[in-house]
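Structure record follows, encoded as structure tokens.
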Amino acid sequence: AEVRGKGLMQALEFADRSTRRPNAPGSLSLLEETRARGLLIGRGGLYANCNRLAPPLTITREEIAEGLEIIEAALK
């Protein structure tokens, strides 16, 4: 539904495309899939439908690229 954040802390919000209702199972699925691939992300939001990305300030470009590849693969 939305990507938002400040600085390195970002959130991916999941919602049903047609009804815009929160999609907590989608958020949980992303959490489990990224964990299985070696990337730890957080989960939260009022309806537990948001995933939080909060990398350390010392993250490298290569680590960012690897993390994004994992997220992309997990979303597929």
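Note: hydrogens, waters and symmetry copies are ignored here, and every other heavy atom, side chains too, is used. This structure is a prediction, so every number in the text was calculated from the model and none was measured. We're numbering straight along the sequence, starting at 1.
Note that CG of Asn49 is 12.0 Å distant from CG of Leu30, once rounded to the nearest 0.5 Å. Note that the CD1 atom of Ile41 and the CG atom of Leu53 stand 6.0 Å from one another [nearest 0.5 Å]. With values rounded to the nearest 0.5 angstrom, Arg20 atom CZ is found 8.5 Å from Glu2 atom CD. One finds the CG atom of Leu75 at 12.0 Å from the CD1 atom of Ile70 (value rounded to the nearest 0.5 Å).
The two residues Thr34 and Ala74 make their nearest non-hydrogen contact at CG2-CB, 3.8 Å.
Partners of Arg43 according to the side chain to side chain donor-acceptor pair (under 3.5 Å) rule, which considers only residues two or more places apart in sequence or in another chain, are Ser27. Under the side-chain contact (heavy atoms from CB on, under 4.5 Å) criterion, Ala73 pairs with Arg37, sequence neighbours left out. A search for side-chain contact (heavy atoms from CB on, under 4.5 Å) contacts involving Arg35 returns Leu31, Leu40, not counting sequence neighbours. Among residues two or more places apart in sequence or in another chain, the side chain to side chain donor-acceptor pair (under 3.5 Å) test is passed with Thr58 by none.
Sorted by first and then second residue, the side chain to side chain donor-acceptor pair (under 3.5 Å) pairs involving residues 63-74 (not counting sequence neighbours) are Thr60-Glu63.
Clustering of Ile, Leu, Val, Met, Phe, Trp and Tyr by side-chain heavy atoms under 4.5 Å joins Leu46 with Tyr47.
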- Would Arg4 and Gln10 satisfy side chain to side chain contact (heavy atoms under 4.5 Å, CB included), going step by step from the backbone distance to the final call? CA-CA 6 Å; Arg4 59 180 176 270; Gln10 299 292 309; 5.8 Å; no

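Ile71 is not listed as a side-chain neighbour of Asn51, based on a closest heavy-atom distance of 4.5 Å or more. In this structure, Val3 and Glu13 have side chains that are not in contact, with every pair of non-hydrogen atoms separated by 4.5 Å or more.
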